[in-house]
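Beneath this line is the structure, given in structure tokens, with notes to follow.
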Amino acid sequence: MSGPLGDIVVLDLSRALAGPHAAQMLGDLGARVIKVEHPGGGDESRGWGPPFVGPDHDISTYFLAANRNKQSITVDLKTAEGKTLVERLVRQSDVLVENFRTGVLDRLGFTVDRLHELNPRLVILSITGFGHDGPEGGRPGYDQIAQGEAGLMSLTGPSPDEPYRVGASIADLLAGIHGAYGVVAALYERERTGLGRVVRTSLLAAVTGVHSYHGTAWTVGGKVPGANGNHHASIAPYGAFRCADGMLQIAAANDGQWRKVAALLDIDPDMAKYASNRDRFAHRDELIADMEKALGAHDRAHWLAKLAEAGVPAGAIRTLDEVYAWDQTRSQGLLVEVDHPVLGTIALPGPPLRFDGTDGVRHTAPPMLGQDEGAVLRWLEEREG
């Protein structure tokens, strides 16, 4: 691959999702990513499923989601031979990604000081559950635990009495995204200083970092936000509404858009309870009922066409098979084909970034355990030579 990070080498010591997602993002940008896995089974996500695919039904689609554009080698970090190999790789790498529990890498002999002694230019990305320090810094963290502890579940669900987890592993994925952009910033800084640094994030930080207006509702407004189901916490009408054959979404974010919706649904936009967003939000339940009464006269296709014609943001609620079959999704490079050594040609969710002049970039499939040991060792010997 080529790309903005085409001259960067990433040593990926992480496993599960947050760290591998960060390293995959760097690989999508062109970096060489060397994934170090334990010989006794590798990354634990290789065993997470269903679904499992392949002739022996032993390849996890979970693992496939976070490990494209990587090479896999197996190393036992508890042995002298394994530690020596990692030291060699550290010397030739630009970035190291790890998401061990706090203190584990230190006990293996790879403290920050030791890593920077081996390679002063090394950028280290460290992802933890709740932060590397503080009163609960050593606490283990998984996505759903972090969603609850960081308040996201209290904002999600049909009501404040029924907190829901977000369907995707959003704490892990956000931590990976934050980590990847932190790495890119540190690499840019290294151009000036000549030195690497440690970039830290956590599942707690990643979720808290996207509280946005929910956060300021409390920190500035003194109001504790709660779950609003499928409707916006501050804007009305903005959410999912029932029509004759199911649900569609309408987002009227300003008074001009509201007037267009009202005209389509034969609702007086100037009545006192609906005249402004503040009024509409205060009477939201009544507004939803009035809108759904009108929407019930026709099916989704009818209303989506009318809303599009009026210039009102609206949309369907698609299942994932519908998303990946959608021409718009495919036109954006959000589905990529790769050649897997066992599965053959498979389609994977693609990277969310596009760069001019790189539409023809070919991605590589997530590796089988240890499949690239020979290639990586030859590359390492050439670099050392």
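These numbers come from a predicted model, not from an experiment.
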message = Does Arg190 have more than 12 heavy atoms from other residues, nucleotides or ligands lying within 6.0 Å of its CZ?
response = yes
d(Leu377 CG, Glu384 CD) to nearest 0.5 Å is 9.5 Å
- Is there a donor-acceptor contact under 3.5 Å linking the side chains of Asp161 and Ser159? no
Applying side-chain contact (heavy atoms from CB on, under 4.5 Å) to Glu382 and Gln92, what does each step give before you reach the verdict?
CA-CA 11 Å; Glu382 290 173 5; Gln92 302 302 324; over 6 Å; no
Any donor-acceptor N or O pair under 3.5 Å, side chains Thr319, Asp321 | yes
The reported gap from CD in Glu292 to CZ in Phe241 (rounded to nearest 0.5 angstrom) is 7.0 Å
Exercise. For the residue pair Glu37 and Ser72, confirm or rule out a side-chain donor-acceptor distance under 3.5 Å.
Key: yes
* Would you say Tyr238 and Ile267 are hydrophobically clustered, going by side-chain heavy atoms of ILVMFWY under 4.5 Å? -> no
Output side-chain donor-acceptor pairs under 3.5 Å for residues 340-350, partner residues at least two apart or in another chain, one line each.
| from | atom 1 | to | atom 2 | distance (Å) |
| --- | --- | --- | --- | --- |
| His340 | ND1 | Val342 | N | 3.0 |
| His340 | ND1 | Leu343 | N | 3.0 |
| Thr345 | OG1 | Asp339 | OD1 | 3.0 |

Discussion item. With a 4.5 Å cut-off on side-chain heavy atoms, are Asp58 and Phe52 touching?
Written reply: no
Atom pairs and distances, donor-acceptor, side-chain atoms in residues 163-188, under 3.5 Å, two or more places apart:
| from | atom 1 | to | atom 2 | distance (Å) |
| --- | --- | --- | --- | --- |
| Arg165 | NE | Gln144 | OE1 | 3.2 |
| Arg165 | NH1 | Gly167 | O | 3.2 |

For this session: Begin from the C-alpha positions of Arg32 and Leu5 and carry the test side-chain contact (heavy atoms from CB on, under 4.5 Å) through to its verdict.
Result: CA-CA 8 Å; Arg32 176 191 288 268; Leu5 298 185; over 6 Å; no
Correct closest heavy-atom pair for Val123 and Val199 would be CG1-CG2, 4.2 Å
Is any side-chain heavy atom of His363 closer than 4.5 Å to one of Pro351?
yes
The reported gap from CD1 in Ile127 to NE2 in His132 (rounded to nearest 0.5 angstrom) is 14.0 Å
Establish whether Val198 and Val86 are linked, either directly or via other cluster members, by ILVMFWY side-chain heavy-atom contacts under 4.5 Å. yes
Minimal heavy-atom distance between His116 and Leu122, with the atoms involved, is NE2-O, 2.8 Å
Would you mind reporting whether Ile145 and Arg139 have side-chain heavy atoms less than 4.5 Å apart? yes
Evaluate Ile34 against Trp379 for side-chain contact (heavy atoms from CB on, under 4.5 Å), listing each step before the verdict.
CA-CA 11 Å; Ile34 301 169; Trp379 167 85; 3.6 Å; yes
Heavy-atom closest pair (Ala240 atom, Met247 atom, distance to 0.1 Å) is CB-CE, 3.5 Å
Within 45° cone and under 6.0 Å: Arg46 NZ/CZ vs Phe63 ring: yes
*In terms of hydrophobic clustering (I, L, V, M, F, W, Y; side-chain heavy atoms under 4.5 Å; direct or indirect links), are Tyr324 and Ile317 co-clustered?*
no
Any Met291 side-chain heavy atom under 4.5 Å of Ile288 side chain = no
message: Keeping Asp285 on the side-chain end and His283 on the backbone end, is there a donor-acceptor pair under 3.5 Å?
response: no
inquiry  = Do Asp43 and Trp48 make a side-chain contact, defined as non-hydrogen atoms from C-beta onward lying under 4.5 Å apart?
reply    = no
Value for CH2 (Trp218) from NE2 (His211), rounded to nearest 0.5 Å, stands at 13.5 Å
With a 3.5 Å cut-off and sequence neighbours excluded, list the donor-acceptor pairs that the side chains of residues 12-26 form with protein atoms.
| from | atom 1 | to | atom 2 | distance (Å) |
| --- | --- | --- | --- | --- |
| Asp12 | OD1 | Ser14 | N | 3.0 |
| Asp12 | OD1 | Ser14 | OG | 2.5 |
| Asp12 | OD2 | Lys70 | NZ | 3.0 |
| Arg15 | NH1 | Asn99 | O | 2.9 |
| Arg15 | NH1 | Asn99 | OD1 | 2.9 |
| Gln24 | OE1 | Asn67 | N | 2.9 |
| Gln24 | OE1 | Arg68 | N | 2.9 |
| Gln24 | NE2 | Ala65 | O | 3.1 |

> For the hydrophobic clusters of this structure (ILVMFWY residues joined by side-chain heavy atoms under 4.5 Å, transitively), does one cluster hold both Leu85 and Leu96?
Replying inline: yes
**Item:** Neighbour count above 12 (heavy atom, 6.0 Å) for Tyr142 OH
**Value:** no
Exercise. Please check if atom CZ in Arg284 has more than 12 non-hydrogen atoms from other residues, nucleotides or ligands closer than 6.0 Å.
Key: yes
Inset, instruction - Inspect the surroundings of CG in Asn254 and state if more than 12 heavy atoms from other residues, nucleotides or ligands are less than 6.0 Å away. - result: yes
In short, Cys243 meets Trp303 closest at the heavy-atom pair CB-CD1, 4.0 Å
Evaluate the criterion side-chain contact (heavy atoms from CB on, under 4.5 Å) for residue pair Leu125 and Glu98; output intermediate values, then yes/no. CA-CA 6 Å; Leu125 171 60; Glu98 64 94 5; over 6 Å; no
Practice item. Would you kindly confirm whether Phe100 and Val90 end up in one hydrophobic cluster when ILVMFWY residues are joined by side chain heavy atoms under 4.5 Å apart? Key: yes
Given the options Glu322, Arg330, Gln328, Trp326 meets side-chain contact (heavy atoms from CB on, under 4.5 Å) only with Gln328
One should read off an interatomic distance between Arg114 CZ and Leu108 CG, to the nearest 0.5 angstrom, of 13.5 Å
From the list Asp279, Asp268, Asp290, side chain to side chain donor-acceptor pair (under 3.5 Å) partner of Tyr274 resolves to Asp290
Quiz prompt | Note: Lys35-Asp372 ion pair, threshold 4.0 Å (strictly below) | solution = no
- Query: Are the side chains of Leu89 and Ile73 in touch, meaning some heavy atoms are under 4.5 Å apart?
  - Reply: yes
*Heavy-atom distance under 4.5 Å between the side chains of Ser126 and Val112, does that happen here?*
no
Ser202 side chain to Ala205 backbone, donor-acceptor under 3.5 Å: yes
In this structure, are over 12 heavy atoms from other groups packed under 6.0 Å from Lys223 atom NZ? no
Side chains of Asp28 and Asn69: donor-acceptor distance under 3.5 Å anywhere?
yes
Between Leu204 and Ala150, the two heavy atoms sitting closest are CD1-CB, 3.9 Å
To the nearest 0.5 Å, atom NZ of Lys306 lies from atom CG of Leu295 at 13.5 Å
Review point. Between Trp258 and Arg280, is any pair of side-chain heavy atoms under 4.5 Å apart?
Key: yes
- Message: Is the distance from the ring center of Tyr213 to that of His232 below 6.0 Å?
- Response: yes
Checklist entry - Thr102 side chain to Gly137 main-chain N or O, any donor-acceptor pair under 3.5 Å? => result yes
What's the verdict on salt bridge (charged side-chain N to carboxylate O under 4.0 Å, His left out) for Asp76 and Lys83, showing C-alpha distance, side-chain angles and the deciding distance? CA-CA 8 Å; Asp76 187 346; Lys83 291 178 180 179; over 6 Å; no
Between Ile235 and Ala253 the two heavy atoms that sit nearest each other are CG2-CA, 3.9 Å
